[in-house]
Amino acid sequence: MNIAIGNDWQNWSGSVTAQPQLISHPKHLDQLSTTIKSAPGPIRIAGTGHSFTPLVKSQGTILSLDYFSGIVSHDSDKLQARIGAGTKIGALTRLLYDINQALPNMGDIDKQAFGGGLGTATHGSGVTLGAYHTQLTAMQIVDGQGKIREFDRATDSDAMDAMGASLGAFGAITEVTIQNMANYRLRRRRWAEPVKDVLDQFDKRMAAHRSAEFYYIPFSGQALFLASDITEAPAGTRPPTEDDDALGTLRKLRTCLQRFPWLRRKLIGSAIARLPKEDYVGEWLNVYASERNVKFNEMEYHLPFEEGAAVLHQIIRLLEEKFPHVYFPIEVRVVAPDNIWLSPFYKRASCSIAIHHDAREDPQPYFKAAETIFRAHGGRPHWGKMHNLKAKELSALYPRWADAMAVRRDMDPGNRFVSPYLADLLGIDL
Ligand SMILES: Cc1cc2nc3c(=O)[nH]c(=O)nc-3n(C[C@H](O)[C@H](O)[C@H](O)COP(=O)(O)OP(=O)(O)OC[C@H]3O[C@@H](n4cnc5c(N)ncnc54)[C@H](O)[C@@H]3O)c2cc1C
């Protein structure tokens, strides 16, 4: 869990705080079942609190599944592993590596619980690579009546599709079976180039690598492009991460040069263009994720892939013309379509655009203005990142919404997992 002092809880960025009556860490299934039946409601399940939305907030009980961790069993032929849903992704990668299994893709950090990643459709980048929930083949979940239920894709494909992106709304996921691949190495390259060149050939550029993504650096005209491809070459040394230093520099330039945008553009542009290219080979688990020490708040919308380049143009213009105090880069990724009913990637190849804001300042004016653009292009918000949508708007974005809600009612007829935030989000009368 993220931060718990006494009974106070807060998320990673500090944007959500809660004072639940109880923070519970059940050690086994019986205890978990009893807690769900009898603890003060609403009951919200926490991963590590890395969501920016109040999904975990509760005045009743916050439930941590930290004890449901590790590899329960594995199948070396099928390359599948049964894992505790409370396992932190970083720890999971090391456990999997030791049994020659690998996650096909990862997001920017590895601090989340795997169950938390499933909770919000957490994803990395790559036109052929899906979010974590696309690895699911089976799950064990304790429902709102404290009953332990098992589902398997082979026999319960509807239930798996309904609960794959779970929002913690169906029950406490205790174990999942995931389809992995054999260990592999990645060649990771990073270089700067004019963003115009990337956007002119967006489709081709994003499909040219197994994993491709880029950051637009505000006021620079430059994109930092990151590409990863599987290689047989031996692993080398990963260069030190520059995240904190680079953000510190961008912040200083913002503060000194806010009134001289042309000078700011010139200085940032030439600094970015001079950044050394990065090119190294690493084992998969040492390549995808990095540290994020500077606190920010974030909004990310998943757009139809073909809208990506046009929307990014508009977001860049918005930032540079209306919000010159923003210095965080804009992150652009691509995600493969899937069949999970509440997945923002449901049946659609997606381009994800993420905008960030210093956690010490109010992000809403910038985020709300950007949200208007994202929504005008059919964007679906990341469940774990700031957005202002409620059930009415969300249900129109998800063709299987009503079916997912029917499964939710079956799993939690007494609304034990429904907080006021969830009631608004999912359209549930409390
Ligand atoms: C620095 C940073 C970097 C990030 N990078 C990325 C990224 O690259 N890609 C991306 O897609 N997102 C990213 N995110 C968002 C983050 O991955 C998601 O918000 C994720 O859900 C957080 O996982 P968590 O373990 O902290 O879960 P929490 O935020 O604690 O919970 C998220 C949801 O999952 C539910 N949940 C958790 N565990 C269970 C369980 N066992 N059973 C049922 N429900 C459960 C909760 O109830 C809640 O609804 C990032 C966030 C931060 C702060």
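By convention here, the first residue in the shown sequence is residue 1. One-based numbering, in listed order, for ligands and for the atoms of each.
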I'd like to check which ligand 1 atoms, numbered from 1 as shown, lie under 4.0 Å from a non-hydrogen atom of A113.
25 (O)

Please report the closest heavy-atom contact between R44 and V56, naming both atoms and the distance.
CB-O, 3.2 Å

Identify, for atom 51 (C) of ligand 1, the protein heavy atom at the shortest distance, and state residue, atom and that distance.
H50 O, 3.3 Å

Has ligand 1 got any nitrogen or oxygen that is less than 3.5 angstrom from a nitrogen or oxygen of T48?
yes

Spacing of M386 atom CE and S13 atom OG [to the nearest 0.5 Å]:
5.5 Å

Counting only heavy atoms closer than 4.0 Å, does ligand 1 sit against the backbone of S166, its side chain, both, or neither?
side chain

If you count the atoms of ligand 1 from 1 in the order shown, which ones are under 4.0 Å from a heavy atom of G107?
8 (O)

Residue Q112 vicinity, atoms of ligand 1 by number, heavy atom under 4.0 Å:
16 (C), 17 (O), 22 (C), 23 (O), 24 (P), 25 (O)

Residue R44 vicinity, atoms of ligand 1 by number, heavy atom under 4.0 Å
47 (O), 49 (O)

Check whether any N or O atom of A85, backbone or side chain, sits under 3.5 Å from an N or O atom of ligand 1, and answer yes or no.
no

List every atom of ligand 1 that sits less than 4.0 Å from any heavy atom of I173, numbering the atoms from 1 in the order shown and giving each element.
40 (C), 41 (N), 42 (N), 43 (C)

Answer yes or no: does an N/O atom from E298 fall short of 3.5 Å to an N/O atom of ligand 1?
no

Give me the nearest non-hydrogen protein atom to atom 19 (O) of ligand 1 as residue plus atom name, then the distance to 0.1 Å.
S51 OG, 2.7 Å

One thing to verify: whether D279 and R187 come together as a salt bridge, which I'm taking to mean a side-chain N less than 4.0 angstrom from a carboxylate O.
yes

Report the part of F52 (side chain from C-beta onward, or backbone N, CA, C, O) that has a heavy atom under 4.0 Å from ligand 1; answer both or neither where that applies.
side chain

Do other residues, nucleotides or ligands put more than 12 heavy atoms under 6.0 Å from the OH atom of Y67?
no

Distance-only N or O hit between ligand 1 and H382, under 3.5 Å
yes

What protein heavy atom is closest to atom 40 (C) of ligand 1, reported as residue, atom name and distance in Å?
I45 CG2, 3.6 Å

Do the side-chain N and O atoms of S157 and D161 include a donor-acceptor pair separated by under 3.5 angstrom?
no

Does I109 reach ligand 1 with a nitrogen or oxygen that is under 3.5 Å from one of the ligand's nitrogen or oxygen atoms?
no

Taking the basic N atoms (NZ, or NE/NH1/NH2) and the acidic carboxylate oxygens, is any pair closer than 4.0 Å for E306 and R348?
no

Side chain or backbone, does E300 bring an N or O within less than 3.5 Å of an N or O on ligand 1?
no

Which residue and heavy atom of the protein sit nearest atom 27 (O) of ligand 1, plus the separation:
G116 CA, 3.3 Å

F114 and ligand 1 - part of the residue with a heavy-atom distance under 4.0 Å:
neither

Looking at R292 and D108, does any basic side-chain N land under 4.0 Å from a carboxylate oxygen?
yes

Min N/O separation L65 to ligand 1 under 3.5 Å
no

Atom OG in S343, atom CG in L118: separation rounded to 0.5 Å?
11.5 Å

Testing Y216, Y301, F374 one by one against I315 for a side chain to side chain contact (heavy atoms under 4.5 Å, CB included), which residue passes?
F374

Give a yes or no on whether the backbone of K27 and the side-chain of Q31 come within a donor-acceptor separation of less than 3.5 Å.
yes

Which of these passes side-chain hydrogen bond (donor to acceptor under 3.5 Å, both in side chains) with S352: H382, K385, H302?
H302

Tell me: protein heavy atom nearest atom 9 (N) of ligand 1, and distance?
H123 O, 2.9 Å

How far is atom 44 (N) of ligand 1 from its nearest protein heavy atom, and which residue and atom is that?
G168 CA, 3.3 Å

Shortest protein heavy-atom distance from atom 7 (C) of ligand 1, along with the residue and atom involved
R333 NH1, 3.5 Å

Here the atoms of ligand 1 under 4.0 Å from any heavy atom belonging to F296 are 1 (C)

For the pair E291 and R238, find out whether any cationic side-chain nitrogen is under 4.0 Å from an anionic carboxylate oxygen.
no

Please indicate whether any nitrogen or oxygen in V56 is less than 3.5 Å from any nitrogen or oxygen in ligand 1.
no

Less than 3.5 Å apart, any donor N or O on the side chain of Q179 or Q80 sitting next to an acceptor on the other?
yes

Nearest heavy atom to atom 15 (C) of ligand 1 wins, so pick from K385, H302, K111.
K385

Does the pair R333/E300 count as a salt bridge with the N-to-O cut at 4.0 Å?
yes

Using a strict 4.0 Å threshold on nitrogen-to-oxygen distance, state whether D410 and R149 make a salt bridge.
yes

Can you check which of V142, L167, L55, D108 brings a heavy atom nearest to atom 8 (O) of ligand 1?
D108

Any heavy atom of F417 closer to ligand 1 than 4.0 angstrom?
no

Which residue owns the protein heavy atom closest to atom 36 (N) of ligand 1, what's the atom, and how far is it?
G115 O, 3.8 Å

Counting heavy atoms only, which of V294, D66, T120, N11 is nearest atom 33 (C) of ligand 1?
T120

D412 and R408 ion-paired at < 4.0 Å
yes

Please give me the minimum heavy-atom distance between N105 and Y132, naming the atom from each residue.
O-CE2, 3.5 Å

Do any heavy atoms of G171 fall under 4.0 Å from ligand 1?
yes

